[in-house]
Amino acid sequence: MQKPNQFIQLRLQKLERLRELGVDPYPVLSHRSHKIGAVIEAKEALVSAETEVTLAGRLVAMRRQGKLGFGDLEDDSGRVQIYVQRDLVGESNYEVFKLFDPGDFIQIRGSMFYTKSGEYSIKAREVTMLSKNIRPLPAVKEKIDEKGNVIRYDEFADIELRYRKRYLDLLLNPRHREVFIKRSKIVTAVREFLDERGFIEVETPILQPLYGGANARPFITHHNTLDVDLYLRIALELYLKRLVVGGFERVYELGRNFRNEGMDRTHNPEFTMLEVYQAYSDLEGMMNLTEGLFHHLAEDVLGQTCFHFRGYDIHLDKPFERASMIDLVKRYAGIDLSDMDYDKALAFCKEKGLEIPEGAQVGKLIELLFETYVEEKLVEPIFVVDYPKEISPLAKSKPDNPMLADRFELFIAGGEFANAFSELNDPIDQRERFEAQAALKAKGDLEATPVDEDFLEALEYGMPPMGGLGIGIDRMVMLLTENDSIKEVILFPQMKRLD
RNA sequence: GGUCCAGUAACUCAGUGGUAGAGUAUCUGCCUUUUAAGCAGAGAGUCGUUGGUUCGAGUCCAACCUGGAUCACCA
């Protein structure tokens, strides 16, 4: 706890004063007959019948005027003005009211009426303290102009404070609160979309004896009773596939992944991933599912199909384009690598002055050219297909070209939004891919994944052909809420300690 | 990790070497229909931290802390 400042001292004195008056500043019991939204709905009826109502909420503003006072009361359904007059509540209750501050939770019993200036308000018969605020909220004022626009003054805008004290951000900045309401709607809609299509939602281990399913450095923790190190999962993939081996044909998980890597505008160490697996489906099925999901979220859930994101207008209302990675490299980097010729690719990368990764084969070089010259050009949604097999250790090869994987990634505004493939179900092939990864790891690649014998054994029992899809929920919410920073869509983003 | 920018009262911000400021918030007084209430008065600050230069530093210099932008890295 910080040292008490002048404001806190004063409020603690008021707390004492309340106790002296026999008022419990933090009572157990509260009551309300209506939410504020409900009394606003039923204005005329409540006013004409002079119905007694009891409201509860947080006092967010106070305008005192001698022997009467006005305030604004807010709950999660709306805001309404309160009117408290000494002659109506009585002397002793008015003494209590005088100790109310903005930030307090209060209860008020009375009837709805219109003030002289026409503002719909509750006229108090009795006010009750529900929870005394002792640390004043930052002062944010707002005014509604003639056109009905809300003008805000001295908004709580410090970015660092908004992240560190998100509760204040939510309380004081309605437009930031709205982002997380939208996020909730989006996540709910994702579940409904998949449930309607016969998928079941499952939960798989976060603490894993081995990590896999992506290339990333893991967090490591320790289990005392078993005396073993465990990893926090970096992906959902390998456990979900085990479930398909187990007979669940359509599964998905919406869950937190953890990657022990850098943090920036699009990376938080923990982030939410959707992974979907559908037996007897394929890449085409996954494209339809992805396209359908984005359309649904945009049109049906948010009611808009054009999103302003990273300085672009992104349209989600049309079928997404498709292009092969090699064609895109040809178009934007200016080299035709459809022959997958290593020497040609290497010479070109060197000529361009690109840094060649250790042990890179032609697939890695194509990826390098793609990342360098293509990604930023992909603005409107586009499915990039035909990934090199070398960089796709869990995907099936294409039947007509063993150098390529049957895989796509969805790019929007220069960023990756989905990753899908026809899942590799050949246990022998999968073992070879794992061993190639292990070899990279032995060479010092910190992000290569270890061989997962338990998973290989599951594959040996047989896994049906299927399509799999991964979508980063945070980035999708960024797009759909038009936010450029991942911290704006994660309630409590990772921050450095201050001490 | 590199570069650039920022950190001053509870909030939003001014302040380019000479006594720490404003608006809001807060407190006191007045006020029985206000609404960014009003009027009068008052209090409130380790100027991110630590050093340095200087007669004198919020201001100049250095290092560090925290955040942001950007680049690198990270599918």
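First the proteins, then the strands, lettered A, B, ... as listed; each starts at 1. Since the structure is predicted, the reported quantities are computational estimates derived from the model, not experimental observations.
Between A:Lys14 and B:C27, a side-chain N or O to OP1/OP2 separation shorter than 4.0 Å is present. OP1 or OP2 of B:U70 sits under 4.0 Å from a side-chain N or O of A:Arg265. Between A:Arg164 and B:G67, a side-chain N or O to OP1/OP2 separation shorter than 4.0 Å is present.
Within the structure, ring-ring contact (aromatic ring centres under 6.0 Å, His included) pairs that include any residue of residues 479-499 of chain A do not occur (at least two apart or interchain).
Between A:Glu142 and A:Arg407, the residue anchored closer to the 5' end of RNA chain B is A:Glu142, taking for each the nucleotide with the nearest heavy atom. Nearer to the 5' terminus of RNA chain B, by closest-nucleotide assignment, is the contact made by A:Lys67 (compared with the other of A:Ala61 and A:Lys67).
Here A:Phe421 and A:Tyr387 keep their ring centres 6.0 angstrom or further from each other.
With both ends at atom C1', the span from B:C27 to B:G18 equals 33 Å, rounded to whole Å. With C1' as the reference atom, B:A25 and B:A44 are 11 Å apart, rounded to whole Å. Using P as the reference atom, B:A6 and B:C13 are 14 Å apart when rounded to the nearest Å. B:U24 and B:G41 have their P atoms separated by 13 Å, with the value rounded to a whole Å. Distance check on atom C1': B:U70 versus B:A10 gives 33 Å, rounded to whole Å.
Taking A:Lys396 as the reference, A:Ser422, A:Leu424, A:Asn425, A:Pro465 meet the side chain to side chain contact (heavy atoms under 4.5 Å, CB included) condition, with sequence neighbours excluded. In this structure, A:Lys67 has no side-chain hydrogen bond (donor to acceptor under 3.5 Å, both in side chains) partners at least two apart in sequence or on a different chain. For A:Lys398, the side chain to side chain contact (heavy atoms under 4.5 Å, CB included) partners are A:Asp386, A:Asp400, A:Leu404, A:Asp406, not counting sequence neighbours.
In this structure, A:Arg64 forms a cation-pi arrangement with A:Phe97, its terminal cationic atom sitting closer than 6.0 Å to the ring centre and no more than 45° off the ring axis.
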What nitrogen or oxygen pairs link the protein and nucleotides 6-11 of chain B at under 3.5 Å?
residue	atom	partner	partner atom	Å
B:C11	O2'	A:Asp154	O	3.2

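Taking a cutoff of 4.0 Å between a charged side-chain nitrogen and a carboxylate oxygen, A:Arg310 and A:Asp484 do not qualify as a salt bridge. Of the charged side-chain nitrogens involved, at least one lies within less than 4.0 Å of a carboxylate oxygen, so that A:Arg166 and A:Asp169 count as a salt-bridged pair.
Look at NZ on A:Lys143: it is 18 Å from P on B:G23, rounded to the nearest Å. Nucleotide B:A25 holds its P atom 20 Å from the CZ atom of A:Phe100, rounded to whole Å. In this structure, the OH atom of A:Tyr83 is 10 Å from the P atom of B:U32, given to the nearest Å.
Side-chain atoms of A:Gln65 and base atoms of B:U34 include no donor and acceptor less than 3.5 Å apart. You'll find a donor-acceptor pair under 3.5 Å spanning the side chain of A:Gln81 and the base of B:U34, going by distance alone. You'll find a donor-acceptor pair under 3.5 Å spanning the side chain of A:Thr115 and the base of B:U34, going by distance alone.
Under the 30°/60° scheme for interplanar angles, the aromatic rings of A:Phe411 and A:Phe370 are found to stand perpendicular.
Contacts of residues 483-495 of chain A with RNA chain B (heavy atom under 4.0 Å): A:Lys487, A:Met495.
For B:U34, there is no paired nucleotide, since no Watson-Crick or G-U wobble pair has both relevant distances below 3.5 Å.
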